[in-house]
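Okay, so here's the structure we're looking at.
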Amino acid sequence: MSKRLSIAIDGPAGAGKTTIAREVSRILGYKYVDTGAMYRAVAWRSVQEGIPLADKSAIVALTGDMCIDFVEGDGSRIFVDGEDVSKAIRTPEVTKLSSPVSAISGVRRLLVDQQRRLAGEGGVVMEGRDIGSVVLPNAEVKIFLTASVDERAQRRFTEMQSSGMDADLERLKLDIQERDHRDSTRSDSPLTKAPGGVEIDTDHLSIEQVVGRVVELAQEYGT
Ligand code: DC
């Protein structure tokens, strides 16, 4: 009988986690969970409510009151209290704010609980920064995706342009460097390769090659 594995995909911004995680989940027939979208949703809601970043306890309270749902189908959409915020959480303002918001321990505690519930008994591909290290330390497959800053900025640039958003390549590079620094130096659950994780540098690999490697690793567990 095939097993329902947990697959953790971590790595810095723009390393290709979303594309890879979605495709792997499609091939294996697993659920896909984008945990970054949850931190973005909290950042989005705090802007909506006019709560300043300095008011950490208000942001934690707001996180506790939010009902976050994912609806799978054509891509994965995220709803906050019934409102589709899939687009709203991708603006540069929310993107920038999501990093300091994700450094608030109270926010992390609440979202990690939800993420573990979403992962259920397995049959999940979950992407983020701390999935293999904190959220699902028992995941059978742990992937750490990387790519150079230049490559990641170029990918985001193309992505934004194709969805009709204004983009400035140099600005994107600086933003990525700043987010990398914040995400990997924060005290609570910094971005790190989990013990037992497999690092894949995606700079010179096609999407198919990376997906193939992850599926291969999963198959070693008999999925
Ligand atoms: O993957 P993303 O760019 O959508 O993530 C948005 C922010 O949330 C990013 O700055 C890192 C943070 N994040 C995190 O701290 N832990 C996760 N599991 C996922 C994202």
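First listed ligand is number 1; within each ligand, the first listed atom is number 1. All values below were derived from every heavy atom in this structure, side-chain atoms included, with hydrogens, water molecules and symmetry-related copies excluded.
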- Message: Heavy atoms only: which of K17, E127, R129 lies closest to atom 1 (O) of ligand 1?
- Response: R129

- Query: Under 6.0 Å from the CD atom of E93, do we count more than 12 heavy atoms belonging to anything else shown?
  - Reply: no

- What's the shortest distance from atom 8 (O) of ligand 1 to any protein heavy atom, and which residue and atom give it? Y39 CB, 3.6 Å

- Message: Heavy-atom pairs closer than 4.0 Å: do any link ligand 1 to the side chain of R108, the backbone, both, or neither?
- Response: side chain

- ligand 1 to R186 polar contact by distance, N or O atoms, under 3.5 Å: yes

- Message: Looking at ligand 1, would M38 count as a contact under a 4.0 Å heavy-atom criterion?
- Response: no

- Message: Less than 4.0 angstrom from a charged side-chain N to a carboxylate O is my criterion; do D34 and R22 meet it?
- Response: no

- Ionic contact status for R156 with D175, cut-off 4.0 Å: no

- Item | Closest protein heavy atom to atom 7 (C) of ligand 1, given as residue, atom name and distance to 0.1 Å | S98 OG, 3.4 Å

- Query: So is there a nitrogen or oxygen of R179 less than 3.5 Å from a nitrogen or oxygen in ligand 1?
  - Reply: yes

- Message: On a heavy-atom basis, I'd like to know which of M126, R90, R40, K96 is closest to atom 2 (P) of ligand 1.
- Response: R40

- If you measure from each non-hydrogen atom of A13 to ligand 1, which part falls under 4.0 Å: side chain, backbone, both or neither? neither

- Student check: side-chain heavy atoms of D55 and I59 closer than 4.5 Å: no

- Would you mind checking if D10 and K142 are paired as a salt bridge, meaning a charged N to carboxylate O distance below 4.0 Å? no

- Task: For S99, counting its heavy atoms only, list the atoms of ligand 1 lying under 4.0 Å from any of them.
- Result: 10 (O)

- Message: For Q115, which part has a heavy atom under 4.0 Å from ligand 1: side chain, backbone, both, or neither?
- Response: neither

- Any heavy atom of E178 under 4.0 Å from ligand 1? The part involved is neither

- May I ask you to list the atoms of ligand 1 that are less than 4.0 angstrom from any heavy atom of D183? 9 (C), 10 (O), 11 (C)

- Query: For atom 12 (C) of ligand 1, what is the nearest protein heavy atom, given as residue, atom name and distance?
  - Reply: S102 OG, 3.5 Å

- Query: Could D188 and R109 be called an ion pair, given the rule that one side-chain N must be under 4.0 Å from one carboxylate O?
  - Reply: no

- Item | Distance from atom 20 (C) of ligand 1 to nearest protein heavy atom, with residue and atom | G36 CA, 3.5 Å

- Item | Lys/Arg N to Asp/Glu carboxylate O, R155 vs E159, below 4.0 Å | no

- Are any of the side-chain nitrogens in R77 or E72 under 4.0 Å away from the carboxylate oxygens of its partner? no

